[in-house]
Number of protein chains: 2
Amino acid sequence: MPRSPKDNQEIRDARREEILAAAARVFAAKGLSQSKISDIAAAANLSHGLVYHYFDSKDSIFGAIVDQMIAKIDADLASDGELTAYQRLVAGIERSRDRVCAGGLEPGRVVAQAMMQGVIPDHLRGRIHEHFGRLHRRIAERIEEAQRDGDIEPDADPVELASALVCLMRGLSMRAPDMPHLPFPIPRTDTILRLLRPSSAPQDTRRATPRAARGPNARRR
Amino acid sequence: MPRSPKDNQEIRDARREEILAAAARVFAAKGLSQSKISDIAAAANLSHGLVYHYFDSKDSIFGAIVDQMIAKIDADLASDGELTAYQRLVAGIERSRDRVCAGGLEPGRVVAQAMMQGVIPDHLRGRIHEHFGRLHRRIAERIEEAQRDGDIEPDADPVELASALVCLMRGLSMRAPDMPHLPFPIPRTDTILRLLRPSSAPQDTRRATPRAARGPNARRR
DNA sequence: GTCTATACGTAGATAGAC
DNA sequence: GTCTATCTACGTATAGAC
């Protein structure tokens, strides 16, 4: 008895996902250009030729991966309904940081690698560029909201803070997974948050110490 | 009349430097694996084959570049004799940041790319690893000194702060030179320094407000 | 010292057998 | 649907002409 069309479709979908998962690992480890199709095939335990049965080209695989990673990053920002803006920022930072610690798949890593590479398929450039725009805008908005809540330094430019935070997180994601014991530790979330922390630091003489007493994790209202 | 041996040597040295300079630009733009020997030759305005007259292989060129970049980074930290530890930290950050702004050759970029690549010649791995050890140790020491001077948050772990700072700077250097108009700005030095800034922030209840009044740029003693 | 022509290997992509 | 064999393009590295 032959396989039903439905079974075939399931096999196809499963294979596709397997290949994408394998490719994500390979790309994260080596970047687009250094990743051979055979590497991906080997990581997915199937033959070289079969990969081409499911995807047109290496670029199309990479495109699919980048889209997945972008979606994952967007999801990181979107979730966490009942929290303060500040708490959502912290949660996002923590998730990303945990992934780096686990040595697992850091979505930011793939995208950052893609951005650094000279040759990205043109359609991808646009998508990546848009992604960064969205990411940065959302973080800046969230920072602004947290400033209104009094959880973040109110006198700093939110766009500026967002840039610094994004830089830091990108640098974090860049730690090579095959160099697990680098001489310096992964900074704690507390340390990262120093960037945003309100302070009555000396250079700021306009405000004395009012709302600071509430603490950075205080719930608003 | 033939060229003197001395002239020949000068030509050789000059060519070598030209090739290295061209290669540095190419590597910074595309990374090791995407850089073809012909790219380097074209960037240096000479033929493909001549590159091999001066270097054994692409890897050996890359090795020379990485060494140059490492030396440049080390130099950034070494200089500035008459300054405070804190002032030297600031100067280093500013130099690196200026290079990124100029879109020029950011040494950290090449090294970071190298680190992220899966395949680095083995001897290079060691050198890069050592470099990071030195870099981090020096920064941590300098931070510690600045803490004693009262210019940096005294209750934070210097190693921790150094890690965060290195991450941030690495993320900064990663901006693609061919994407000059990213939606977010390069963070100002002030903003970067928020990581280190002393503060009488709420979560820290042990110290009240003593030394903070001196300001972060105050000369010690 | 500099170039052009060429050998060799490798990786992307296709074709056809099972 | 899956594999192996093959074509083709390109990049590293070398050899030899000028």
Side-chain angles (χ1 to χ4, degrees), chain A residues 1-23 26-27 29-65 114 117-122 124, chain B residues 1-23 26-27 29-65 114 117-122 124:
Chain A
M1 187 166 101
R3 286 194 287 267
S4 74
K6 183 167 169 297
D7 288 344
N8 275 329
Q9 188 55 40
E10 277 171 8
I11 290 177
R12 280 197 66 84
D13 290 349
R15 272 272 177 276
R16 228 189 113 91
E17 283 311 310
E18 280 172 35
I19 294 174
L20 283 181
V26 176
F27 285 138
K30 313 217 250 184
L32 173 59
S33 56
Q34 271 296 315
S35 302
K36 328 292 174 203
I37 292 283
S38 345
D39 295 334
I40 296 172
N45 281 315
L46 37 78
S47 80
H48 174 174
L50 192 54
V51 176
Y52 281 97
H53 187 72
Y54 287 92
F55 293 91
D56 288 343
S57 65
K58 196 167 80 157
D59 281 351
S60 79
I61 302 178
F62 188 66
I65 295 296
Q117 300 261 0
V119 281
I120 300 179
D122 284 346
L124 271 190
Chain B
M1 186 165 103
R3 285 194 289 267
S4 72
K6 182 166 169 297
D7 289 342
N8 275 328
Q9 189 55 40
E10 277 171 9
I11 291 179
R12 280 196 67 83
D13 290 349
R15 273 271 177 276
R16 226 188 116 92
E17 282 312 310
E18 280 172 35
I19 294 174
L20 282 180
V26 175
F27 285 138
K30 313 219 250 183
L32 173 60
S33 57
Q34 272 296 318
S35 303
K36 328 293 173 203
I37 293 283
S38 345
D39 295 334
I40 297 172
N45 281 316
L46 37 80
S47 82
H48 173 176
L50 191 54
V51 175
Y52 283 97
H53 187 72
Y54 287 92
F55 292 93
D56 286 345
S57 65
K58 195 166 79 157
D59 281 350
S60 79
I61 302 178
F62 189 66
I65 295 296
Q117 300 260 1
V119 283
I120 300 179
D122 284 347
L124 271 189

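With A:V26 as the partner, the side chain to side chain contact (heavy atoms under 4.5 Å, CB included) test is satisfied by one option alone out of A:I61, A:D39, A:L32: A:D39.
Listed pair B:R12 / C:dG1 meets the phosphate criterion, a side-chain N or O lying under 4.0 Å from OP1 or OP2. Phosphate contact (OP1/OP2 of C:dT14, side-chain N/O of A:Y52, threshold under 4.0 Å): absent.
Checked against D:dT12, D:dT2, D:dA13, the side chain of B:S38 finds its nearest nucleotide in D:dT12. Nearest to the side chain of A:K58, among C:dC3, C:dG12, D:dT12, sits C:dG12.
In this structure the side chain of B:K36 never reaches within 4.5 angstrom of the side chain of B:H48, judged on heavy atoms. For the pair A:D59 and A:L124, the minimum side-chain heavy-atom distance is 4.5 Å or more.
When rounded to the nearest whole Å, the span between CG of A:D39 and P of C:dG12 equals 8 Å. Separating the CD1 atom of B:I61 from the P atom of D:dG11 is a distance of 15 Å, rounded to the nearest angstrom.
As judged by a 4.0 angstrom heavy-atom cut-off over every strand, A:F55 is placed among residues making no nucleic acid contact. Residue A:L50 is in base contact, counting any heavy-atom pair closer than 4.0 Å across all strands shown. Note on B:S60: nothing from the nucleic acid sits closer than 4.0 angstrom, heavy atoms only.
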Could you walk me through whether A:I19 and A:L46 pass side-chain contact (heavy atoms from CB on, under 4.5 Å), step by step? CA-CA 9 Å; A:I19 294 174; A:L46 37 78; 4.2 Å; yes
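Ranked by how close their nearest DNA chain C nucleotide is to the 5' end, A:S33 and B:S47 are led by B:S47.
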